[in-house]
Amino acid sequence: MQRVLKSGLGWRIGWNPTAPEFKGLVGTDDWAIELTEAELNDFCRLLAQLADSMQQIATELMDEEKIACEAESDLMWMEVEGYPHAYSLRLILNTGRGVEGKWYASAVPGLLQATGMLQVF
């Protein structure tokens, strides 16, 4: 696979297979963090898991109800918060680099779609 950088309104994600340590990148229009291959794999997997959880929960909620769901691996903690059709995403790395990031609800659908197309995991 070649070097890839995808971006949209409020999000970006990248993959560079030739980078020595930090092969992945996630961020917004204002910030970005490089991730190891394992971290990027977890990011993509956990985001898909959280999106699936929000879809499954949708039938149990009233229209005006908000929900928060968390998922965690050894490498990171992630949370989605909002409505099943519109939720924000938070990320905290557990690898000692002290990183925290957030995507607004308007950015999450594009980011979710891009992670599915990245195919690095």
Side-chain angles (χ1 to χ4, degrees):
M1 181 176 216
Q2 297 184 50
R3 183 178 175 167
V4 175
L5 180 62
K6 296 182 178 288
S7 62
L9 186 60
W11 64 270
R12 56 186 157 152
I13 188 166
W15 170 250
N16 182 357
T18 62
E21 183 178 2
F22 298 107
K23 297 178 186 286
L25 177 130
V26 295
T28 70
D29 297 331
D30 299 323
W31 63 268
I33 179 69
E34 292 180 318
L35 300 176
T36 65
E37 183 173 0
E39 289 168 342
L40 185 61
N41 289 342
D42 276 9
F43 178 84
C44 294
R45 181 179 57 80
L46 293 175
L47 179 55
Q49 181 182 328
L50 287 166
D52 186 53
S53 294
M54 289 298 273
Q55 288 301 318
Q56 290 180 19
I57 291 170
T59 60
E60 306 295 323
L61 299 175
M62 295 180 6
D63 290 343
E64 65 276 1
E65 260 185 302
K66 288 184 176 181
I67 187 86
C69 292
E70 300 177 9
E72 187 171 12
S73 73
D74 290 340
L75 303 176
M76 68 185 60
W77 171 89
M78 293 172 63
E79 175 189 57
V80 292
E81 182 177 14
Y83 303 102
H85 63 278
Y87 48 87
S88 62
L89 170 67
R90 285 186 46 211
L91 159 76
I92 298 176
L93 287 184
N94 294 334
T95 57
R97 285 187 276 151
V99 174
E100 182 173 350
K102 180 178 181 174
W103 290 264
Y104 293 107
S106 58
V108 174
L111 180 61
L112 180 61
Q113 183 179 16
T115 59
M117 296 180 345
L118 206 62
Q119 297 180 348
V120 297
F121 50 96

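Values below: every heavy atom of this structure, side chains too, minus hydrogens, waters and symmetry copies.
Between I33 and L35 there is a side-chain heavy-atom pair separated by less than 4.5 Å. Contact of the L46 side chain with the Q49 side chain is registered, since non-hydrogen atoms from C-beta on lie closer than 4.5 Å. Using a 4.5 Å heavy-atom cutoff, the side chains of L89 and L47 are in contact. Between C69 and E79 the shortest side-chain heavy-atom distance does not fall below 4.5 Å. A heavy-atom distance below 4.5 Å is found between the side chains of L111 and F43. Between I13 and L40, the closest side-chain pair of non-hydrogen atoms falls below 4.5 Å. W15 has its side chain out of reach of L5: every pair of non-hydrogen atoms, C-beta onward, lies at least 4.5 Å apart.
Atom CD of Q113 has 12 or fewer neighbouring heavy atoms from other residues, nucleotides or ligands inside a 6.0 Å radius. In the displayed structure, L9 atom CG is contacted under 6.0 Å by at most 12 heavy atoms of other residues, nucleotides or ligands.
Here L93 contributes atom CG and M76 contributes atom CE; the two are 5.5 Å apart, rounded to the nearest 0.5 Å. Distance check, rounded to the nearest 0.5 Å: NE2 of H85 to CD of Q55 gives 10.5 Å. The CG atom of D42 sits 11.0 Å away from the CD atom of E37 when rounded to the nearest 0.5 Å. Atom CG of L75 and atom CG of N41 lie 9.5 Å apart (nearest 0.5 Å). Taking CD1 of I92 as the start and NZ of K102 as the end, the distance is 12.0 Å to the nearest 0.5 Å.
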Worked check of salt bridge (Lys or Arg N to Asp or Glu O under 4.0 Å) between R97 and E39: CA-CA 12 Å; R97 285 187 276 151; E39 289 168 342; 2.3 Å; yes
Set out, in order, the CA-CA distance, both residues' side-chain angles and the distance that settles side chain to side chain contact (heavy atoms under 4.5 Å, CB included) for E70 and M78, then state yes or no. CA-CA 6 Å; E70 300 177 9; M78 293 172 63; over 6 Å; no
Verify side chain to side chain contact (heavy atoms under 4.5 Å, CB included) between T28 and Y104, making sure each step is shown before the conclusion. CA-CA 9 Å; T28 70; Y104 293 107; over 6 Å; no
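Criterion: ILVMFWY side-chain heavy atoms under 4.5 Å apart, direct or through other members. Under it, L25 and L91 are not part of a common hydrophobic cluster.
Side-chain polar atoms of E21 and T36 form no donor-acceptor pair below 3.5 angstrom. Side chains of N16 and T18: a donor-acceptor N/O pair is present below 3.5 angstrom, by distance only.
The pair E81-R90 does not meet the salt-bridge criterion, since no charged nitrogen lies less than 4.0 angstrom from a carboxylate oxygen.
When all heavy atoms are compared, the tightest approach of A51 to L112 is CB-CD2, 3.5 Å. In plain terms, the two heavy atoms of T115 and C44 that are nearest each other are CB-SG, 3.8 Å.
No donor-acceptor distance shorter than 3.5 angstrom exists from the side chain of R12 to the backbone of G27, with no hydrogens or angles considered. A donor-acceptor pair under 3.5 Å is absent between the side-chain atoms of W11 and the main chain of A114, judged by distance alone.
The side-chain contact (heavy atoms from CB on, under 4.5 Å) test with Y87 singles out one residue from I67, L50, V108, and that residue is V108.
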